[in-house]
Asks: 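If you scroll down you'll find the structure; I have some questions about it.
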Number of protein chains: 2
Amino acid sequence: MNTLSYGLLSLLSHHSLSGYDLMLRIQPFWPAKHSQIYPLLAFMEKEEQVTFELIAQSDKPDKKVYSITDKGIDSLREWLSVPASDPVMRDELMLKAYCVSFVDPAISRKLFVSRLEHYQTKLQRYREKIRTVLSSEGLTESDTPGYRSPLFGAYILLNKALLTCRTNIEWCEWVLSVIPEAE
Amino acid sequence: MNTLSYGLLSLLSHHSLSGYDLMLRIQPFWPAKHSQIYPLLAFMEKEEQVTFELIAQSDKPDKKVYSITDKGIDSLREWLSVPASDPVMRDELMLKAYCVSFVDPAISRKLFVSRLEHYQTKLQRYREKIRTVLSSEGLTESDTPGYRSPLFGAYILLNKALLTCRTNIEWCEWVLSVIPEAE
DNA sequence: TCATTATATGTAAAAAGAGACATAATATCA
DNA sequence: TGATATTATGTCTCTTTTTACATATAATGA
């Protein structure tokens with residue numbers, strides 16, 4: 001039971017999901033490929049943290065829908081009571097930023113322009129997401145779901161994503177303002 | 001030549017550094033243990049991206065001080081001209097945040113209080129760092145180093161670190177304001 | 001028709017990263 | 001005196017993560 005497996009339990013604590021859906025949903029918080037997810041789910045099933053049901057589909061391939069067990073909920077509660085380990089961030093742009101002076105400003109600008117676009121696209125997606133999440137429970141954008149609401153977790157995470165995205169955009173724009181257009 | 005090796009080249013483009021110093025300095029941008037750095041430096045030396053000089057020290061153990069070669073500078077320039085890959089962030093707190101409703105608010109609060117303290121400590125360190133970096137070239141906090149200044153990279157990175165830290169603090173404080181003190 | 005994309009699951013191998021083991025000098029603290 | 005911390009380099013093993021291989025249905029587009 002490593003961090004990723006607790007992440008899967010966390011997602012399963014809200015809804016039952018297939019391995020494929022778990023893989024898609026965990027991306028924003030703990031990127032992982034399906035090749036890592038599937039064997040881990042098999043292990044967690046053996047450990048009785050999750051169970052699965054085979055769902056036959058006519059239009060799409062059949063799937064295994066996983067659910068968290070009572071034992072899984074207990075594991076989740078125990079995990080929540082110990083402090084979270086420090087976040088790990090690896091960003092190639094930070095490594096490049098340190099030595100941008102070695103190339104022409106036009107080349108440097110490209111790095112930050114493409115990253116800026118990346119964050120602008122993400123911001124749009126998060127904005128739409130927060131609207132759909134809130135409206136799914138009949139809430140508007142001025143409402144905050146209560147602590148015991150099933151939306152609470154998703155809501156605070158989406159707010160974090162929005163704040164982070166805006167800060168990154170602000171930083172990219174500032175960097176572009178201090179890199180000359182040409183020399 | 002993976003991303004970490006370009007990160008080492010990036011650091012070496014400013015100063016010659018020992019493997020130990022490289023390990024310490026790369027932490028904020030691309031965390032890596034010495035067990036990963038030392039074999040990589042040996043490989044990069046074989047590839048003629050770096051050279052080293054054995055420096056005997058009387059008070060401390062002897063060290064190998066690495067310098068970037070002309071070939072290394074060429075690699076750096078080529079690497080800078082391709083877009084940076086997407087950042088990867090793995091934060092256990094994000095996984096926990098999704099299911100905080102499963103435990104008492106007091107337990108949840110602890111998670112965000114300890115993370116808040118973590119970012120406050122970091123903010124202090126970055127504030128001191130930016131002062132020492134700027135004053136090393138006789139600049140004050142209102143000055144911005146020019147694009148060709150050797151401080152430019154460090155300066156934009158420290159600004160990013162400050163912005164990010166402040167945003168994270170803001171988010172933690174907001175989360176604590178929406179988690180009830182008790183139920 | 002062929003290529004690609006999305007859905008869906010799996011394995012195998014390679015690369016990256018973490019943790020432990022190993023050595024050694026000096027310094028500090030109990 | 002013994003324990004720990006800092007500086008310094010290195011290896012070995014284990015875990016984690018990525019990439020590639022593999023299969024299958026259905027839809028979409030060139």
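No hydrogens, no waters, no symmetry mates; every other heavy atom, side chains included, goes into these values. Throughout, protein chains are lettered first and strands after them, A, B, ... in sequence-line order, and every chain is numbered starting at 1.
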Asks: Does a side-chain N-to-carboxylate-O contact under 4.0 Å join B:Glu47 and B:Lys71?
Replies: no

Asks: Atom CG of B:Asp62 to atom C1' of C:dT23: distance rounded to whole Å?
Replies: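 Going from CG in B:Asp62 over to C1' in C:dT23 covers 13 Å.
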
Asks: Roughly how many Å is it from NE2 in B:His34 to C1' in D:dT6, rounded to a whole number?
Replies: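 Going from NE2 in B:His34 over to C1' in D:dT6 covers 13 Å.
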
Asks: Of all the choices, C:dG17, D:dA8, D:dT17, which nucleotide is nearest to the side chain of B:Gln57 once you look at every atom?
Replies: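 For B:Gln57, the side-chain atoms sit closest to D:dA8.
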
Asks: With the threshold set at 4.0 Å, does a side-chain nitrogen-carboxylate oxygen contact exist between A:Asp91 and A:Lys96?
Replies: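 Salt bridge between A:Asp91 and A:Lys96, a charged N being under 4.0 Å from a carboxylate O: no.
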
Asks: Look at the aromatic rings of A:Trp171 and A:Phe112 and report parallel, tilted or perpendicular, splitting at 30° and 60°.
Replies: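 Rings of A:Trp171 and A:Phe112: perpendicular, as their planes differ by over 60°.
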
Asks: Let me know the distance between CD1 of B:Ile37 and P of D:dT7, rounded to the nearest Å.
Replies: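 Those two atoms, CD1 and P, are 16 Å apart.
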
Asks: From OH of B:Tyr38 over to P of C:dA18, roughly how many Å is that when rounded to an integer?
Replies: 16 Å

Asks: For DNA chain D, whose closest nucleotide is more 5', that of B:Lys63 or that of B:Arg90?
Replies: B:Lys63

Asks: Check every atom of C:dG10, C:dA18, D:dT16 against the side chain of B:Gln36 and return the nucleotide holding the closest atom.
Replies: C:dA18

Asks: Hey, are A:Arg148 and B:Asp104 close enough for a salt bridge, meaning a charged N less than 4.0 Å from a carboxylate O?
Replies: yes

Asks: Which listed nucleotide (D:dT7, D:dA20, D:dT16) is nearest to the side chain of B:Tyr20?
Replies: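 Comparing D:dT7, D:dA20, D:dT16 against the side chain of B:Tyr20, the answer is D:dT7.
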
Asks: Under 4.0 Å between a side-chain N or O of B:Lys64 and OP1 or OP2 of D:dG10?
Replies: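 Checking D:dG10 against B:Lys64, a side-chain N or O does come within under 4.0 Å of OP1 or OP2.
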
Asks: If you pin B:Val88 and B:Gly19 to their nearest nucleotides in DNA chain D, which one's is more 5'?
Replies: B:Gly19

Asks: When you measure only distances, ignoring hydrogens and angles, does the side chain of B:Ser35 come within 3.5 Å of the base of C:dG19 through a donor and an acceptor?
Replies: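 Between C:dG19 and B:Ser35, which were checked side chain against base, a qualifying N/O pair under 3.5 Å is present.
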
Asks: From the list D:dT9, C:dG10, D:dT7, which nucleotide is the closest neighbour of the side chain of B:Lys60?
Replies: D:dT7

Asks: Check this one for me: any side-chain N or O of A:Trp30 less than 4.0 Å away from OP1 or OP2 of D:dT16?
Replies: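 So the side chain of A:Trp30 is outside the cut-off, no N or O lying under 4.0 Å from OP1 or OP2 of D:dT16.
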
Asks: Does atom CG of B:Asp59 have more than 12 heavy-atom neighbours, drawn from other residues, nucleotides or ligands, at distances under 6.0 Å?
Replies: yes

Asks: Please report, rounded to the nearest Å, how far the C1' atom of C:dA18 is from the CG atom of A:Asp86.
Replies: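 Taking CG of A:Asp86 and C1' of C:dA18, I get 15 Å after rounding.
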
